[in-house]
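Scroll down for the structure; my scribbles are underneath it.
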Amino acid sequence: MTSFVSLGQMGAVPRPHRTVRRIPWGTATETPDATGLTALACAALFGPDAYRVGHRSSAVGMPPETGPDVLDERLRNVDLAALRRALVTQRAQRMGDRGWLLQRALHLAAWGESCVAALPSAAAAAAITDQQIVDRARDIIASLRTGGDRDDDQDPLAWRGGLYYGARNQHRLAVGVQVPWPGGADAAGCARFAAAYVGRVGAPGVLVRMLAQRQVPYYAAAALPVREHGTACLSVGLSTVAEHVVPLVETVRDLLRDIRDAGIPDAQVPHLRQSVALHEAIQPSDDPFQPGGGGSHVPADRRVPAVAVVGDLPEPTVVHLREAVHGW
C-alpha cells in the first residue's frame, strides 16, 4: 500500500536502484497468531525500508547483484531480537504520526484491509518465534530463486469506497479523499497530471484557488497519485478544523467532477508536463515500490470516493459529511 504524503513535508533524497520483485505472502496469508510475520521476514532479508507488505503479495527491493546466495548469508547473520525491537519501535512511531494514521484510515475506507499496518506490535513480535521468521524467509528466498513475478504491482482487492471516521481529541484535523482514477492517454486521465493540476506539496494548484474563491478555511491541501492493489488512484490530503470539513470535501468533489467532465485546459498541459517531470526528479515517491505510468480504466460504479477523517467531529458534522459523500 502506498504511503500517504505528509502535508508540508519536502525532501529530495535519491534512492538506490533496486530490482522490485513480488513474493506471494502478505497480511491475508498470515495466521492470527503470526501477525507481522511477513514484515519480519522481509526486514530480515532486505532491511527495514526495502519492502512493502500487501494483501496477498508483497513487493521487495533487491539491490544490484543481491541474489539468493547473498540473502542466505544475510539470514544466517541477522539479529532477530534486534529486528523485532526495530519494527516494534517503527510501529510505535507511526501510531503517533497523524499523517500515517490518515493513510491507514484512508486505506481501510477504500479497501477494507489494513495491510498498511503490517508491522507487528510488541505482543505480536514476541509471539512469533525465530524459527517462524527463518522458515518464512527461506520460503521467500526459494520463491526468488525460481523466478517469480518481476515489477508486477497486481495485488487484487476490490475497491469499496466509503467513509471512515476516526475520533481523536485534536482540534486540527487531517482529512483524506481518495478516488480511483481512470487511465488514459489524455492529461486528465493520468493521475500524475491530475495531481499536478490539483496541486502537490510545495506547488499549489487549482484546489487552493477554488478553496479561496469559496472562502473555505484550511491549513494544507495537496494531491498525490498512487496505485493501490493494481488500481490507479488520486489521493488528496487536507488539514482543517471540524466546522470546515464538509465544505472542504465538497470542494474536492466539485473540482474532481470538473476535471472528469471538462478535462484539464490544453493551455495547462505543457506546464503540467514540466511540473510532473521536475517533481519526480527532485522529490521521488516516498514509496520506492510505486510503479510509474498511467492506470487502467475504472468502471463508473467503482468511483465512489473513500473519505477518511482523523480527528474529533461533532455528530451533526458526521451526518452532513455522509450526505456529501453519498452525493459524490
Side-chain angles (χ1 to χ4, degrees), residues 1-4 18-63 66-97 100-101 103-105 107-108 111-146 148-149 152-157 166 228-229 286-289:
M1 186 210 123
T2 303
S3 296
F4 195 87
R18 294 180 182 273
T19 299
V20 177
R21 304 286 294 275
R22 304 295 304 191
I23 58 171
W25 291 276
T27 55
T29 66
E30 297 174 345
T31 59
D33 61 342
T35 301
L37 175 58
T38 306
L40 281 164
C42 288
L45 293 174
F46 308 102
D49 299 313
Y51 65 91
R52 176 185 173 190
V53 175
H55 179 58
R56 291 195 173 275
S57 69
S58 299
V60 298
M62 300 177 63
T66 301
D69 292 339
V70 174
L71 296 178
D72 273 326
E73 179 67 21
R74 187 174 296 167
L75 181 60
R76 286 193 291 269
N77 295 309
V78 67
D79 184 339
L80 295 179
L83 186 69
R84 284 186 180 86
R85 292 193 296 270
L87 293 196
V88 168
T89 299
Q90 190 176 9
R91 175 187 170 92
Q93 292 171 341
R94 288 183 177 180
M95 293 301 290
D97 179 78
W100 185 84
L101 290 173
Q103 170 195 345
R104 181 177 183 274
H107 199 268
L108 281 169
W111 305 98
E113 162 62 32
S114 59
C115 56
V116 66
L119 297 178
S121 64
I128 297 174
T129 67
D130 286 1
Q131 193 61 49
Q132 284 177 296
I133 299 173
V134 170
D135 288 346
R136 177 55 52 85
R138 286 175 176 162
D139 289 341
I140 292 172
I141 294 173
S143 175
L144 295 172
R145 196 184 296 275
T146 58
D149 296 328
D152 179 10
D153 68 317
Q154 299 299 314
D155 185 20
L157 196 67
E228 298 285 9
H229 300 286
D286 287 339
D287 182 358
F289 305 112

- Item | Closest contact, heavy atoms only, E30 versus G36 | OE1-N, 3.1 Å
- Task: Decide side-chain contact (heavy atoms from CB on, under 4.5 Å) for Y51 and I140; before the verdict, give the C-alpha distance in whole Å, the side-chain angles of both, and the deciding distance to 0.1 Å.
- Result: CA-CA 12 Å; Y51 65 91; I140 292 172; over 6 Å; no
- Message: Looking at every non-hydrogen atom in both residues, tell me the closest pair between L157 and W111 and how far apart they are.
- Response: O-CZ3, 3.0 Å
- Electrostatic pair D79-R84, nearest N-O below 4.0 angstrom: no
- Note on the structure: To the nearest 0.5 Å, atom CG of D72 lies from atom CZ of R145 at 5.5 Å
- Item | Steps toward side-chain contact (heavy atoms from CB on, under 4.5 Å) verdict (R136, L40) | CA-CA 9 Å; R136 177 55 52 85; L40 281 164; over 6 Å; no
- Distance in Å, L71 CG paired with L45 CG, rounded so as to fall on 0.5 Å steps: 5.5 Å
- Message: On a heavy-atom basis, which atom in A124 and which in T35 lie closest, and how many Å separate them?
- Response: CB-O, 3.5 Å
- Item | Backbone of D139 reached by a side-chain donor or acceptor of S143 within 3.5 Å | no
- Message: Between S121 and R91, is there a side-chain heavy-atom distance shorter than 4.5 Å?
- Response: yes
- Message: Tell me the closest heavy-atom pair linking T38 and S58, and the distance in Å.
- Response: CG2-OG, 3.7 Å
- Are any of the side-chain heavy atoms of P24 and T29 separated by less than 4.5 Å? no
- Without swapping roles, check the side chain of T27 against the backbone of A118 for a donor-acceptor pair under 3.5 Å. no
- Check whether any side-chain heavy atom of L108 lies under 4.5 Å from a side-chain heavy atom of E113, and answer yes or no. no
- Query: Under the side-chain hydrogen bond (donor to acceptor under 3.5 Å, both in side chains) criterion, do D135 and Q131 qualify, and how do the steps go?
  - Reply: CA-CA 6 Å; D135 288 346; Q131 193 61 49; 2.8 Å; yes
- Item | Residue pair A137 / A41: nearest heavy atoms and the distance that separates them | N-CB, 3.9 Å
- Query: Atom CD in E73, atom CZ in R76: separation rounded to 0.5 Å?
  - Reply: 4.5 Å
- Message: For the backbone of V60 and the side chain of R21, can you confirm whether one donor and one acceptor N or O come within less than 3.5 Å of each other?
- Response: no
- Task: Determine whether M62 and V70 make a side-chain contact, defined as any pair of heavy atoms from C-beta on separated by less than 4.5 Å.
- Result: no
- Message: Give me the atom names and distance for the closest heavy-atom approach of A59 to V20.
- Response: CB-CG1, 4.2 Å
- side-chain contact (heavy atoms from CB on, under 4.5 Å) evaluation trace for V134 with L80: CA-CA 9 Å; V134 170; L80 295 179; 4.1 Å; yes
- Taking R94 for the side chain and A117 for the main chain, is one N or O donor matched with an acceptor at less than 3.5 Å? no
- Are the aromatic ring centres of H107 and H55 under 6.0 angstrom apart? no
